[in-house]
Colleague: 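Dropping the structure in here first, questions after.
Because only heavy atoms are used, hydrogens play no part in the values below, and waters and symmetry mates are left out as well, while side chains stay in. In this chain, residues are counted from 1 in sequence order. Bear in mind that the values here come from a model prediction, so they are computed numbers and not experimental data.
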Amino acid sequence: SFIESSTITITTFQPLLSLSNLTEVRISALRFDLNDTSLATIAKSWPHLRKLEILPSGRYKTRPSAAHAITLAGLASLAKHCQHLEVLGLEVDASHVTVQNSVRPGQGYTCENLSTWHVGNSVVGNPAMAAMWLSDLFPKLRIIDSSMTHGDDQQLARSKLWKEVR
């Protein structure tokens, strides 16, 4: 079907991964099927990124079950490998976030340059826990853009929760 053939996977990225000096990547599609391992591959391949935007096309809404295989834990690979990253556009599943007292969420990795994250239609469960994760990984993150001003009730509720993370 059209939707299945329009799904971006890590295999779609393979020809671009050898371009290790990329500083800006913007990819928009109907659907993405990426996970934490995919994001780690991207982060290791493009260590000079300043801007990474992997978001669904504006007029299409992703289905959370398929779109949010990347978790907050997966963002640690960006903090570790992409030290120059300033702007991120990426949907994640932050619905099950836990923080253990003795373990830093990012395993000690931080990215001091990330200041803006466009979360799109990301899912968040506990805003306080998500904020703890993010403040550890990206201590200078100041803008979390969840600018859903229209959409169904679930999308608006998710946007409201992300505002609590800020």
Side-chain angles (χ1 to χ4, degrees), residues 7-56 62-146 158 161-162 165-166:
T7 299
I8 302 293
T9 66
I10 192 62
T11 304
T12 312
F13 282 87
Q14 287 300 328
L16 300 173
L17 295 177
S18 64
L19 303 172
S20 61
N21 289 319
L22 289 177
T23 59
E24 185 171 325
V25 174
R26 290 180 95 180
I27 297 178
S28 183
L30 294 179
R31 290 177 41 125
F32 291 94
D33 185 8
L34 301 171
N35 57 32
D36 290 345
T37 303
S38 306
L39 188 60
T41 300
I42 289 167
K44 289 174 191 173
S45 299
W46 297 333
H48 303 289
L49 283 176
R50 293 190 180 280
K51 186 174 195 176
L52 175 63
E53 292 183 326
I54 303 173
L55 289 168
T62 57
R63 287 182 271 182
S65 60
H68 305 301
I70 296 172
T71 67
L72 287 184
L75 295 180
S77 62
L78 290 175
K80 179 179 181 180
H81 299 288
C82 299
Q83 290 292 305
H84 306 288
L85 191 64
E86 298 169 1
V87 177
L88 177 63
L90 186 68
E91 291 187 345
V92 300
D93 181 347
S95 60
H96 304 290
V97 179
T98 58
V99 177
Q100 297 175 0
N101 290 337
S102 61
V103 180
R104 289 185 63 189
Q107 302 170 347
Y109 298 110
T110 61
C111 174
E112 298 282 337
N113 290 311
L114 187 72
S115 63
T116 303
W117 180 20
H118 305 284
V119 299
N121 197 24
S122 293
V123 177
V124 63
N126 183 328
M129 288 289 189
M132 287 190 339
W133 262 89
L134 293 171
S135 66
D136 190 57
L137 287 172
F138 310 111
K140 298 201 175 155
L141 180 62
R142 297 294 174 252
I143 299 168
I144 298 176
D145 177 22
S146 61
R158 283 193 286 272
L161 286 173
W162 278 109
V165 174
R166 287 187 238 161

Colleague: What distance separates D93 CG from I70 CD1, expressed to the nearest 0.5 Å?
Modeller: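 The distance works out to 10.5 Å.
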Colleague: With rounding to the nearest 0.5 angstrom, report the CG to NZ distance, L39 to K44.
Modeller: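 The distance works out to 10.5 Å.
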Colleague: List the steps and the verdict of side chain to side chain contact (heavy atoms under 4.5 Å, CB included) for V92 and V119.
Modeller: CA-CA 7 Å; V92 300; V119 299; 6.0 Å; no
Colleague: May I ask you to test the F13-I27 pair for a side-chain heavy-atom distance under 4.5 Å?
Modeller: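 In short, these two side chains touch, coming nearer than 4.5 Å.
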Colleague: What I'd like to find out is whether the side chain of T41 reaches to under 4.5 Å of the side chain of L17, using heavy atoms alone.
Modeller: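 They are in side-chain contact.
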Colleague: For L55, what residues pass the side-chain contact (heavy atoms from CB on, under 4.5 Å) criterion, not counting sequence neighbours?
Modeller: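 side-chain contact (heavy atoms from CB on, under 4.5 Å) list for L55, sorted by chain: E91, H118.
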Colleague: Would the number of heavy atoms belonging to other residues, nucleotides or ligands and lying under 6.0 Å from NE2 of H96 be above 12?
Modeller: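 Atom NE2 in H96 is not crowded, with 12 or fewer foreign heavy atoms closer than 6.0 Å.
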Colleague: Working note: D33 + T7, criterion side-chain hydrogen bond (donor to acceptor under 3.5 Å, both in side chains); need CA distance, chi angles, decisive distance, verdict.
Modeller: CA-CA 7 Å; D33 185 8; T7 299; over 6 Å; no
Colleague: Could you go step by step and tell me if I42 and I10 meet the side chain to side chain contact (heavy atoms under 4.5 Å, CB included) rule?
Modeller: CA-CA 8 Å; I42 289 167; I10 192 62; 3.9 Å; yes
Colleague: Quick one: pull up CD1 in I144 and OG in S115 and give me the separation to the nearest 0.5 Å.
Modeller: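 Result: 11.5 Å between the selected atoms.
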Colleague: Any side-chain heavy atom of L75 within less than 4.5 Å of one from L88?
Modeller: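 Heavy-atom side-chain distance check passes, below 4.5 Å.
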Colleague: If we only count heavy atoms from C-beta on, is the P139 to E112 side-chain gap below 4.5 Å?
Modeller: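 P139 reaches E112 side chain to side chain.
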Colleague: In Å and rounded to the nearest 0.5 Å, what is the SG to CG distance from C82 to N113?
Modeller: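 The distance works out to 11.0 Å.
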Colleague: Identify, with sequence neighbours excluded, every residue that meets side-chain hydrogen bond (donor to acceptor under 3.5 Å, both in side chains) alongside E24.
Modeller: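 E24 satisfies side-chain hydrogen bond (donor to acceptor under 3.5 Å, both in side chains) with no other residue.
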Colleague: About how many Å separate CG of L49 and CG of N21, when rounded to the nearest 0.5 Å?
Modeller: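 Nearest 0.5 Å value for the CG-CG distance: 10.5 Å.
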Colleague: Under a 4.5 Å cut-off applied to non-hydrogen side-chain atoms, are L78 and Y109 in contact?
Modeller: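 Of all side-chain heavy-atom pairs linking Y109 with L78, none is under 4.5 Å.
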